[in-house]
Every structure is written in C-alpha cells, then in structure tokens.
2 protein chains.
Amino acid sequence: MISQPRVVSRSTLKRLPLYLHLLEKLMDQGVENISCTQIAQEFDFDPTQVRKDLETTGAVGTARIGFRAATLVVKIKEFLGWDNAHDAFLVGAGNMGKALLGYKDFEKYGLNIVAAFDKDARKVGTRIFNREVLPLAKLPNLAGRMHINIGIVAVPAEYAQGVVDLMVGAGIRAIWNFAPAPLRIPEGVILENARLTQSLAVLTNNLTKVLRK
Amino acid sequence: MISQPRVVSRSTLKRLPLYLHLLEKLMDQGVENISCTQIAQEFDFDPTQVRKDLETTGAVGTARIGFRAATLVVKIKEFLGWDNAHDAFLVGAGNMGKALLGYKDFEKYGLNIVAAFDKDARKVGTRIFNREVLPLAKLPNLAGRMHINIGIVAVPAEYAQGVVDLMVGAGIRAIWNFAPAPLRIPEGVILENARLTQSLAVLTNNLTKVLRK
DNA sequence: TTTATATCGAGAAAATTGTATCGATAAAAT
DNA sequence: ATTTTATCGATACAATTTTCTCGATATAAA
Ligand SMILES: NC(=O)c1ccc[n+]([C@@H]2O[C@H](COP(=O)([O-])OP(=O)(O)OC[C@H]3O[C@@H](n4cnc5c(N)ncnc54)[C@H](O)[C@@H]3O)[C@@H](O)[C@H]2O)c1
Ligand SMILES: NC(=O)c1ccc[n+]([C@@H]2O[C@H](COP(=O)([O-])OP(=O)(O)OC[C@H]3O[C@@H](n4cnc5c(N)ncnc54)[C@H](O)[C@@H]3O)[C@@H](O)[C@H]2O)c1
C-alpha cells in the first residue's frame with residue numbers, strides 16, 4: 001500500500017492540477033520525462049517547491065532524468081481522487097449550473113454530474129446536456145439510492161444554506177459551493193467554495209494599483 | 001488621499017470579498033456595527049486575522065463597538081477597486097462565457113462586460129444577455145477605442161495563448177483566464193487565473209481521504 | 001461612581017510555507 | 001576512463017502568514 005503524508009497543504013493541493021494540465025499537454029507532444037526545473041519554469045515557481053509538491057503524491061524521480069510523465073500523471077490523479085469518477089448532483093440549473101453541466105472535462109477531473117435539480121417548474125422535466133432536471137423534492141431519496149457523495153450548489157446565495165441542509169440530510173458528504181454565502185455544515189462534511197469573486201478581487205485590486213500610478 | 005499599505009498578501013485579498021458578502025447581508029438585516037469577533041465566527045477564522053485584514057483597507061474601528069458596517073463596505077470596495085466599474089471584453093461565448101455574461105452581480109464587483117467575441121461564425125452577430133457577439137478581428141481596434149483594461153478568456157485551453165496575445169497587443173492590461181493552461185504574458189500585464197479545477201482538487205482529495213477511512 | 005467586559009490596535013511568538021544548500025547519482029561530454 | 005553537468009532527495013534556512021498576548025478604551029452593569 002502507498003503510504004501518503006498525513007497532511008498536505010492547500011497550496012500544494014492547488015498546484016497539483018496545474019502540473020497535471022501541463023503534463024497532459026506535454027505527453028500529447030510526445031514528451032516522456034520531465035524535470036522539476038522544467039515544470040517550475042512554466043509557472044515561475046521554485047524547482048524545489050515543485051519537487052516537494054510531487055513528493056507528496058508519492059512519485060519518485062531519477063537524477064539527471066527527472067520524472068516519468070506517465071507515472072506522474074497517474075500519481076497526481078490518484079492523489080487528487082481523480083482516478084475514479086465521483087457521481088455528483090447539481091442543484092440550480094441556471095447560468096452557472098448549465099455551464100457546469102456542459103463541461104466535458106470534468107470527467108477527467110473525477111467528477112460526473114449525473115442529474116440536476118431546480119425549483120423552477122419550467123426547468124423541471126427538461127434535459128440539459130443530456131441530464132434530466134428533477135424537482136428538488138426528489139433529491140433526498142435519489143441521493144441515498146444512488147450513493148451520491150458530491151453536491152454542487154449553483155443557486156442564488158440566499159437559497160444556498162437551504163440547499164446545503166437538504167444535501168447534508170440526504171447523506172451527501174462533500175459540497176462544492178458556487179454561491180457567495182458563508183455556509184454552515186456539520187462536522188465531517190466537506191465544504192469547498194469555488195469563489196470566482198475572490199479571484200476577481202485579486203485582479204481588480206492589482207489593476208487599480210497599476211492604474212493609480 | 002488614503003495611503004494604503006504597499007504590500008497586501010494574496011490571502012488577505014481573497015478574504016476581503018468574503019467579509020464584503022457577509023457585511024452586505026447583515027446590512028440588509030439592519031445591522032449597523034460589527035466586530036471582528038463576529039466576522040471571524042462566521043468563517044471560523046481568527047479574530048486577529050480579520051482585524052489585520054480590515055486594517056489593510058484603511059478602516060478603523062472603535063473598542064467595544066467594532067466597525068461601522070457601512071464604512072467597512074465602502075473601504076473594502078475601494079480597496080478592491082470595486083467602487084468604479086471596469087469595462088471588460090470577453091472572448092469565447094461558450095458555456096462558461098454565457099454564464100459570465102448572464103451574471104448580474106458582476107456590476108457590484110466592479111466588472112462590466114461590454115462585449116463578447118467568438119470565432120464561431122454562427123455565434124457572431126447574435127446577442128447574449130444583451131451584449132453583442134463580435135468577430136475576433138474587431139477586438140484590437142475596439143479595445144483601443146473603448147479603453148478596455150480587462151480581458152476575460154473563456155476559450156478552450158489550446159486557444160487561450162493566442163487570445164491573450166491578441167488582447168495584450170490591443171492594450172489590455174489585465175487578463176482573467178478561465179482556461180486551464182499556463183499562459184505567458186509580458187511584464188506589466190496582470191494575469192489572474194480563475195481555476196475551478198484547483199478548487200475541485202481540494203474537494204476530491206479531501207473526499208477521497210474521508211472515504212478511504 | 002466604580003467595576004466588569006468586549007473590543008481594538010500593536011507587537012511578539014508560533015506555525016506554515018517557500019527557498020537555498022549540499023551530497024548522491026546518472027547521463028553526457030571530454 | 002574521467003570529468004562535467006543536470007537532477008533528485010534531504011535538510012537547513014528564510015520569509016510569510018497566522019495566532020497569541022497585552023495595554024488602552026469605550027460601553028454596559030453593579
Ligand atoms: N453566473 C456566473 O457567472 C456566476 C459567477 C459567480 C458566482 N455565481 C453564483 O452561482 C450561483 C448561481 O448563479 P447563476 O448565474 O447560475 O444564477 P441563475 O439565476 O441563472 O440560476 C439560479 C438557478 O437556481 C434555481 N434555484 C433558485 N432557488 C433554488 C432552490 N432553492 N432550489 C433549487 N433551485 C433553485 C433557479 O430556478 C435558477 O435556475 C449564484 O449564487 C451566483 O452568485 C454565478
Ligand atoms: N464550462 C465550465 O464549467 C468550465 C469549467 C472550468 C473551466 N472551463 C474552461 O473555460 C473555457 C471555456 O469552456 P466552455 O465550457 O465555455 O467551452 P465551450 O466549448 O462551450 O466554449 C468555447 C467557446 O470559445 C469559442 N472559441 C474557440 N476558440 C476561439 C478563439 N480562438 N477565439 C474566439 N473564440 C473561440 C468557441 O466558438 C466557443 O464558443 C475552457 O478553457 C474550459 O476549460 C469551463
């Protein structure tokens with residue numbers, strides 16, 4: 001069995017997908033081996049940092065050669081839980097919900113959205129990117145029967161807590177939240193916020209500083 | 001003039017929008033003053049951390065009372081550059097592009113997407129959420145004339161670098177990138193990646209760890 | 001009025017994260 | 001065959017970020 005480090009920093013975790021995207025691109029181009037130095041150059045990171053990040057996945061390299069790209073991809077995917085797809089329910093088939101439903105690459109990232117839910121009667125019964133839009137009332141029962149672990153929240157902020165409570169009650173273990181609202185979850189449930197506004201904040205703050213000069 | 005601290009950490013910058021969302025919610029409920037302790041409780045942060053974050057915006061509180069919510073909102077928005085809207089161009093009117101075009105709250109966050117561009121002839125000429133979809137060839141000229149500072153990249157990864165080069169050539173100063181590709185930009189241009197897969201990586205890694213137990 | 005308490009603001013301490021150094025090793029160059 | 005070079009892996013060091021401590025202050029309670 002592979003023994004993994006007990007703690008991984010969030011920063012490391014967030015850099016791993018970057019490496020993965022790069023590795024897949026390079027492999028398409030026929031690259032077989034890659035060094036931390038090369039990876040670091042692509043992102044303007046420190047090579048040692050890359051090495052440490054890769055170390056957490058359990059990958060081992062060889063001096064003067066680097067790491068085998070194929071092995072690295074497998075190791076990173078394993079580590080992130082992207083080797084087996086997790087089935088997920090999405091609630092809120094609005095603009096963002098539709099974009100997520102239409103994103104084919106999620107399968108590569110271990111995410112398989114199997115159904116959507118909405119409270120809008122006009123949306124219920126339609127199909128979006130080949131997934132049925134179901135009434136919210138059906139979520140608890142279905143989530144249990146289908147062993148759904150991941151719930152995606154794409155409803156307006158004021159309804160987000162209600163949706164989360166429903167999901168948690170239905171046995172969902174991990175929540176990916178797109179609403180800009182602080183959510184309360186019970187111990188043991190995983191909450192991850194995909195906050196676009198945080199990213200935007202960094203952008204506009206930097207831009208403002210540059211423009212003020 | 002308000003003298004701002006020279007350096008703000010990215011972490012602080014990313015927490016500020018969280019506070020802002022909370023403050024706006026609380027103000028709707030009639031709250032006038034709020035302490036760092038209260039804010040910290042909402043997010044499970046350390047109160048001192050919140051106090052330091054708020055300090056960077058130039059806000060000052062009073063002992064035993066806390067901060068005036070209204071002042072805090074203004075200060076944070078000022079600091080993030082969300083007090084005046086920045087006009088932006090969006091390239092790639094696909095699933096994600098449409099979601100972004102349809103997001104009304106961006107105005108609150110200082111972002112005003114004024115036009116969309118796409119290379120797909122079937123999309124060009126249509127309107128999405130009341131914004132025209134224009135051919136890519138028109139971008140350089142229009143960006144200059146309209147003094148566009150922000151470019152949003154929502155095209156598939158393999159085309160992202162090309163779009164960025166076009167934007168930079170057109171004088172765009174800041175790029176918000178949604179494609180999972182490492183991009184090269186010249187000195188002085190701001191690049192911010194809105195990488196959803198990073199957030200997903202944290203979620204699935206945590207979930208995998210829990211499920212393995 | 002006096003005392004208790006919550007909070008700010010500043011600075012110190014601790015923890016975390018990132019960077020540099022160095023020996024070992026494997027390939028390439030001489 | 002020997003030297004040089006690139007890289008890994010381990011460890012030490014540095015920077016940053018978070019958390020703790022404490023005095024000052026403003027309100028509320030006694
Ligand atoms: N669109 C974006 O680009 C964007 C960007 C950042 C954040 N977000 C956030 O994502 C969330 C969704 O945004 P959107 O643009 O898709 O909004 P939207 O209004 O287009 O869609 C919301 C959908 O949720 C449904 N809904 C509302 N309440 C519900 C409930 N209680 N149960 C089930 N369904 C419910 C609505 O019927 C609608 O279909 C919001 O919280 C928004 O702030 C969106
Ligand atoms: N949809 C999602 O939920 C999601 C999530 C994460 C990341 N992303 C990323 O966002 C980007 C867009 O994703 P999407 O789902 O909207 O894809 P999409 O295929 O739906 O849309 C892409 C759009 O870009 C246009 N386009 C392609 N090349 C172009 C070019 N050179 N110039 C101008 N327009 C061009 C296409 O015509 C299309 O309209 C991708 O890089 C994707 O990886 C999307």
Side-chain angles (χ1 to χ4, degrees), chain A residues 2-19 22-23 26 31-72 75-76 79 198 201-202 205, chain B residues 2-16 18-19 22-23 26 31-72 75-76 79 198 201-202 205-206:
Chain A
I2 312 134
S3 87
Q4 289 185 353
R6 296 294 160 278
V7 287
V8 203
S9 84
R10 203 186 149 79
S11 327
T12 291
L13 222 33
K14 292 178 89 174
R15 281 189 295 265
L16 290 175
L18 305 183
Y19 306 152
L22 176 67
L23 287 165
L26 292 175
V31 172
E32 296 210 333
N33 295 301
I34 185 159
S35 73
C36 294
T37 317
Q38 284 173 276
I39 298 178
Q41 263 166 8
E42 284 286 337
F43 300 102
D44 268 318
F45 291 167
D46 186 286
T48 317
Q49 186 177 56
V50 176
R51 219 172 288 138
K52 283 197 173 175
D53 288 341
L54 296 182
E55 202 175 301
T56 64
T57 68
V60 281
T62 13
R64 190 63 211 252
I65 301 279
F67 294 80
R68 259 198 84 73
T71 319
L72 220 40
K75 282 286 184 184
I76 295 177
F79 188 75
Q198 291 194 332
V202 177
N205 173 270
Chain B
I2 313 134
S3 88
Q4 291 185 350
R6 297 294 161 278
V7 286
V8 202
S9 83
R10 201 186 152 81
S11 328
T12 292
L13 223 33
K14 291 178 91 173
R15 281 188 298 266
L16 291 174
L18 305 183
Y19 305 152
L22 175 67
L23 287 165
L26 291 176
V31 172
E32 295 208 334
N33 296 302
I34 186 156
S35 73
C36 293
T37 318
Q38 285 172 275
I39 297 178
Q41 263 166 10
E42 285 285 337
F43 300 103
D44 270 317
F45 290 168
D46 186 284
T48 317
Q49 187 177 55
V50 176
R51 215 172 292 137
K52 291 206 164 163
D53 287 342
L54 297 183
E55 204 175 301
T56 64
T57 68
V60 280
T62 13
R64 191 64 212 257
I65 301 279
F67 293 79
R68 261 198 83 70
T71 319
L72 221 40
K75 283 284 185 185
I76 295 176
F79 188 75
Q198 291 193 333
V202 177
N205 173 268
N206 285 337

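Letters A, B, ... are given to chains in the order of the sequence lines, protein chains preceding strands, and every chain is numbered from 1. This structure is a prediction, so every number in the text was calculated from the model and none was measured.
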Chemist: Could you tell me whether the side chain of A:R64 has a donor or acceptor atom within less than 3.5 Å of a complementary atom in the base of C:dA27?
Modeler: yes
Chemist: What's A:F45 touching, base or sugar-phosphate or nothing? Going by heavy atoms closer than 4.0 Å.
Modeler: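 Counting heavy atoms under 4.0 Å across all strands, no contact is made by A:F45.
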Chemist: Within this structure, what is the CG-to-P distance between A:L54 and D:dT7, rounded to whole angstrom?
Modeler: 14 Å
Chemist: Go through the steps to decide whether B:F43 and B:V50 satisfy the test side-chain contact (heavy atoms from CB on, under 4.5 Å), and finish with yes or no.
Modeler: CA-CA 10 Å; B:F43 300 103; B:V50 176; over 6 Å; no
Chemist: Using OP1 and OP2 only, check whether a side-chain N or O of B:T37 sits under 4.0 Å from C:dT7.
Modeler: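 Checking C:dT7 against B:T37, a side-chain N or O does come within under 4.0 Å of OP1 or OP2.
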Chemist: Rounded to whole Å, how long is the line connecting atom CD of B:Q38 with atom C1' of C:dC8?
Modeler: 14 Å
Chemist: Tell me which one of B:L16, B:T12, B:L54 satisfies side-chain contact (heavy atoms from CB on, under 4.5 Å) with B:F79.
Modeler: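 Exactly one option meets the side-chain contact (heavy atoms from CB on, under 4.5 Å) with B:F79, and it is B:L16.
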Chemist: Looking at the side chain of A:T48, which of C:dA27, C:dA20, C:dG9 is the nearest nucleotide?
Modeler: C:dA20
Chemist: So which atom in B:T57 and which in B:K75 form the shortest heavy-atom distance, rounded to 0.1 Å?
Modeler: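 Answer, listing the atom of B:T57 first, then B:K75: O-CD, 3.5 Å.
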Chemist: Could you check how far CG of A:D46 sits from P of D:dC8, rounded to whole Å?
Modeler: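 Whole-Å distance recorded here is 12 Å.
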Chemist: Check the pair B:C36, B:F67 against side-chain contact (heavy atoms from CB on, under 4.5 Å), reporting the backbone distance first and the verdict last.
Modeler: CA-CA 8 Å; B:C36 293; B:F67 293 79; 3.4 Å; yes
Chemist: Report the distance from atom CD1 of A:I34 to atom P of D:dA6, rounded to the nearest whole Å.
Modeler: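 The distance from CD1 of A:I34 to P of D:dA6 comes to 17 Å, rounded to the nearest Å.
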Chemist: Scan B:T62 against the nucleic acid and name what it touches under 4.0 Å (heavy atoms): base, sugar-phosphate only, or nothing.
Modeler: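 Sugar-phosphate only.
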Chemist: Using a cut-off of 4.0 Å on non-hydrogen atoms, how would the nucleic acid contact of B:S11 be classed: base, sugar-phosphate, or nothing?
Modeler: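 B:S11: backbone/sugar contact only, no base atoms under 4.0 Å.
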Chemist: Rounded to whole angstroms, how far apart are CG on A:L13 and C1' on C:dT17?
Modeler: 15 Å
Chemist: Quick one: is A:S35 getting a side-chain N or O under 4.0 Å of the D:dT7 phosphate, OP1 or OP2?
Modeler: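 Result: yes.
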Chemist: So B:R15, base contact, sugar-phosphate only, or nothing? Heavy-atom distance under 4.0 Å.
Modeler: sugar-phosphate
Chemist: In whole angstroms, how far is the P atom of C:dA6 from the CZ atom of B:F67?
Modeler: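 Checked: the CZ to P distance equals 18 Å.
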Chemist: Does B:A59 or A:Q49 map to a spot on DNA chain C nearer the 5' end, using the closest nucleotide for each?
Modeler: B:A59
Chemist: For D:dT18, take OP1 and OP2 only and decide whether either is under 4.0 Å from a side-chain N or O of B:R51.
Modeler: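 No, because none of the side-chain N or O atoms of B:R51 sits under 4.0 Å from OP1 or OP2 of D:dT18.
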Chemist: Side chain of B:A63: nearest nucleotide among D:dT11, D:dT25, D:dT18?
Modeler: D:dT25
Chemist: Record whether the side chain of A:K52 comes under 3.5 Å of the base of C:dT17 through a donor-acceptor pair of N or O atoms.
Modeler: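 Answer no: no donor N or O sits under 3.5 Å from an acceptor.
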Chemist: Rounded to whole Å, please give me the gap between CD1 in A:I65 and C1' in D:dT5.
Modeler: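 Taking atom C1' of D:dT5 as the reference, CD1 of A:I65 is at 13 Å.
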Chemist: Rounded to the Å, how far apart are B:I39 CD1 and C:dT7 C1'?
Modeler: 12 Å
Chemist: How far does CG of A:L26 sit from CG of A:N33, to the nearest 0.5 angstrom?
Modeler: 11.5 Å
